[in-house]
Number of protein chains: 2
Amino acid sequence: MLKDIDLARKMSKSEFRAAEETLTIALGVLQRRASELRVPWIVVFEGWSAAGKGTLINNLILPLDPRGFRVYSRLGTTEEDTFRPFLWKFWVKTPERGRLAVFDRSWYRRVVDLHVETGKATAELRQAYGDIVSFERQLADDGNVIVKFFLHVSREEQRRRLERLRRNPVTAWRVTAEDMAQNKRYKAYRAAVDETLAATDSDFAPWTVVESEDERFATLKIFNTVANALECGIARAENRQAAERGTRKAGGEGAKASAGRPSRRSRTPGEEVMDRLNASVIDRLDLSLALEEAAYRKGLKAKQRQIRDLEHAIYTRRIPVVIVFEGCDAAGKGGCIRRLTQRLDPRGYEVVPVGAPNDLEKAHHYLWRFWTQIPKAGHITIFDRSWYGRVLVERVEGFCGEDEWRRAFREINEMERHMANFGAIVIKFWLHVSPEEQLRRFRERERIAHKRWKITEEDWRNREKWDSYKLAIEEMLCRTSTPSAAWVVVESNCKWYARIKVLDTVIRAIEKRVE
Amino acid sequence: MLKDIDLARKMSKSEFRAAEETLTIALGVLQRRASELRVPWIVVFEGWSAAGKGTLINNLILPLDPRGFRVYSRLGTTEEDTFRPFLWKFWVKTPERGRLAVFDRSWYRRVVDLHVETGKATAELRQAYGDIVSFERQLADDGNVIVKFFLHVSREEQRRRLERLRRNPVTAWRVTAEDMAQNKRYKAYRAAVDETLAATDSDFAPWTVVESEDERFATLKIFNTVANALECGIARAENRQAAERGTRKAGGEGAKASAGRPSRRSRTPGEEVMDRLNASVIDRLDLSLALEEAAYRKGLKAKQRQIRDLEHAIYTRRIPVVIVFEGCDAAGKGGCIRRLTQRLDPRGYEVVPVGAPNDLEKAHHYLWRFWTQIPKAGHITIFDRSWYGRVLVERVEGFCGEDEWRRAFREINEMERHMANFGAIVIKFWLHVSPEEQLRRFRERERIAHKRWKITEEDWRNREKWDSYKLAIEEMLCRTSTPSAAWVVVESNCKWYARIKVLDTVIRAIEKRVE
């Protein structure tokens, strides 16, 4: 997950100023409103050493009324703490109603360190994850707004920063042996963080990874995330109070929110800037990646043979394989699936096309129809679209409520983790084309008679909603890329390149297991 | 937990008839309403072999429209199942909206067996508990009503029943080697069930232990539990629909429910019978247990010396001890605490009297003030009343909402488990006196000048609400008696007996750890 984040995100001074002013004012207003409504809020800062926690926390609290918050800094473990259960020191620091508690390092410090030490999810670690999720759920159920940031910088950037700090006699003391060790074991830490974020991300206390190489960008992302979360919490508190008075505002929690992103207030120019900059995976894709036809033809044959052999290997080893294809309209999902299955033994795989649910499916939990289709051990099931419809089309088109799609990230992760724990290989592709290439393909489909069935009015309508879809796609890629089931984004402007990348990925994933 | 359940509960034919008729009609009405509102419901039957699952399931479905349900019987593990993740075979059998699925054995079979095999909570088992809780939460979030029964019989009764079945040639085939093995290893199974119930009890899918030695009693308890759960689910669905239409019924979910038990419809004579019979711990107490003064004096001295030595032992071993005193008014909590602490080193213990929360405490989560008070490792904290106020006085007096106290059982268990995992010894006393003895003590307090401060108007008012309190106490004892923190009920009509039992319990609990 972390390694797919685009750390080169930057923001110009002028962009920053425009957005900052709006958000600064908004945060002040929200703080006062939270105080009036007695909504407690908690902001957690985790992240790499030298990622800038101190500076960014400072930037966050600057616009706030200092009487309304308290910052708990670098809560190392004291002797007092070791005499009490792990969560004690955090429980006693939870904020009063209407106030903010900022944690510079938090209850996550211990679990990440534990994971790095042991390198795997021990019973102790699982217990700790469970305790943390319970803790956060108890607070959220009590009305707390919980925002959790992981400040992310690359290994190289971290090393540069640590070295700069060490060279300066004034700051050298700030670099500990622990910090240097972290940089040395960056990969082990990253794996531990990935696991921790996946195990503790939830609708009531979601994680936000903040690209922190550019301070301006990081500051605004933090401002924007906190403001949005606080707005939601305030809306919930207002609804609760209204309900207690026997009335209820329309459009609040529980009611079907129309779509896309929360539209609790009108958008401001500052936020427009933020939206444009919020996305972190799609914009960095190199869609010019391509392959010549000759190389494609040659590669295709060899790889299809390889996959047929691997189909046999997973059958004898009784490994189930789940392959999910999602992507933009006209990104070439069908073509990839055909190349993938062309030489497979049909007794060993199945392709499940997923459209709108039928009446029987609608009469069940939205995940039910996928549970009925998961592969037997030793078999491959390929989903042409999937359960991710919940957080894509259903979210954007308002076919489900906001509470429902927010909950879905956790529910989907739980399902995929359950499959992976059973031993399944879970591979998920997002096929991406640029809007220009998509338009070219749409036009081609309209022009060529035998392709015309592929293009509908709906495709054109979806295209117009691209901004909402992009936001949904980014959040999906970020929230559901877990160590047991990571997304692979496929640059698909060149079909040949895309197909080979898909085949390669499947081969590597299976080979890794059957070796 | 299981071993404290009163299995001698019986019901006369006439009592049964009166209640059965009402509940049979109610279940039919509720089934139709659930169908109209498209509320899916799930009833799980777990329990000892030969506890009567088949018969009791039959009794439950008899009043229902057979087009509306499906029974899944004895889902042993087939080869098909082993080829898919554990939850698959249950997911695909979840009911359509408006329909009922009854599971005769369920997803719990595997975890209980796993626990018996290993004898402890392994990482695999913890993972399975987590998967199950996620599964049930996903369904509940989607509107499913989930009722889970554990049918309980004693080891002797089970043996009698199995032998009766074996002697009869017609039924002998029904007794498997597995059934006999279960009877042989009854205690190991009981420990596994206790652990499983504690790990998977929740507000959205609570467990109900059914005393199943008397079929009439068991039948009605099942009817009543299902009817209540279904009513709640239907009320939630109605509120949700009303909310979607922009209006909202008063008194539903989220609103502060007044108290005691859900009062969604008026009580019927059948339910009155059930209520009287629902309680399972208090009524079986032998409150005549007593001790002579001489024996008391002698025992007291010796035991107080023992406890002082143990205080030293836990200090050197850095074991924290949490002792909770709850009980009826005038049951003698204060007297017990004084005898317990009389000879202790005051540097090693603390008594925390718990009253109504102050303003600062009210501004936090209700558990916050207890977190601030938990003992350091090596110390003893005695709570004179405790966090259980949430599910006692706050529930009965309506100081918190129904959703809040329902949630509290899980929250409290989570907190106590966290303490126990840290190594704390958690001891919880419920001091019980009969209403007659309580009255005698109240009168005495009024009569004797230096005791008059102990009795207030509130005590008299509470006494009048005894029925609501009793229900709350029973549910508390049942839902929060976990392997890591079990309740000890102290028969307190004789103060001397009660004090010695308290001292003995504390001594045994600490000795067990420091040996």
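So that the names make sense, note that chain A is the first sequence line, chain B the second, and so on, each numbered from 1.
Comparing Pro40(A), Gly423(A), Ala123(A) by heavy-atom pairs within less than 4.5 Å of chain B, the highest count is held by Ala123(A). Annotation: maximal heavy-atom pairing with chain B below 4.5 Å, among Gly378(A), Ala424(A), Ala377(A), occurs at Ala377(A). Of the listed residues (Glu414(A), Gln138(A), Arg126(A)), the greatest number of heavy-atom pairs within a distance under 4.5 Å of chain B belongs to Gln138(A). Taking chain A as the reference chain and counting heavy-atom pairs below 4.5 Å, the highest number among Asp141(B), Asp131(B), Thr372(B), Leu139(B) is found for Asp141(B). Interface remark: of the candidates Thr82(B), Leu125(B), Thr122(B), Asp142(B), Asp142(B) forms the most heavy-atom pairs closer than 4.5 Å to chain A. Here Lys362(A) is the residue among Glu124(A), Lys362(A), Met415(A), Arg38(A) with the most heavy-atom pairs under 4.5 Å with chain B. The residue among Met419(B), Arg407(B), Arg99(B) with the most heavy atom pairs within less than 4.5 Å of chain A is Arg407(B).
Side-chain N/O atoms of Glu411(B) and Tyr366(B) include a donor and acceptor closer than 3.5 Å. Using a 3.5 Å distance cut-off with no hydrogens or angles, the side chains of Glu416(A) and Trp387(A) do pair a donor with an acceptor.
Taking the six-membered ring where the residue is Trp, the centroids of Trp371(B) and His418(B) are separated by under 6.0 Å.
For Arg137(A), the part lying under 4.5 angstrom from a heavy atom of chain B is the side chain only. Contact of Phe86(A) with chain B is made through backbone and side chain together, with heavy-atom distances under 4.5 Å. Both the backbone and the side chain of Arg84(A) come within contact range of chain B, with heavy atoms under 4.5 Å apart. The part of Phe422(A) that comes within reach of chain B is its side chain, from C-beta onward, which places non-hydrogen atoms under 4.5 angstrom from that chain.
Within 6.0 Å of OH in Tyr315(B) there are 12 or fewer heavy atoms belonging to other residues, nucleotides or ligands.
When the side chain to side chain contact (heavy atoms under 4.5 Å, CB included) test is applied to Glu361(A), the partners found at least two apart in sequence or on another chain are Pro357(A), Asn358(A), Trp368(A), Arg369(A). In this structure Asn421(A) satisfies the side chain to side chain contact (heavy atoms under 4.5 Å, CB included) test together with Arg417(A), Gln127(B), sequence neighbours excluded.
Partner of Glu404(B) under the salt bridge (Lys or Arg N to Asp or Glu O under 4.0 Å) criterion, chosen from Arg390(B), Arg395(B), Arg410(B): Arg390(B).
Nearest approach of Ala198(A) to Thr482(A), heavy atoms of both residues: CB-CG2, 3.8 Å.
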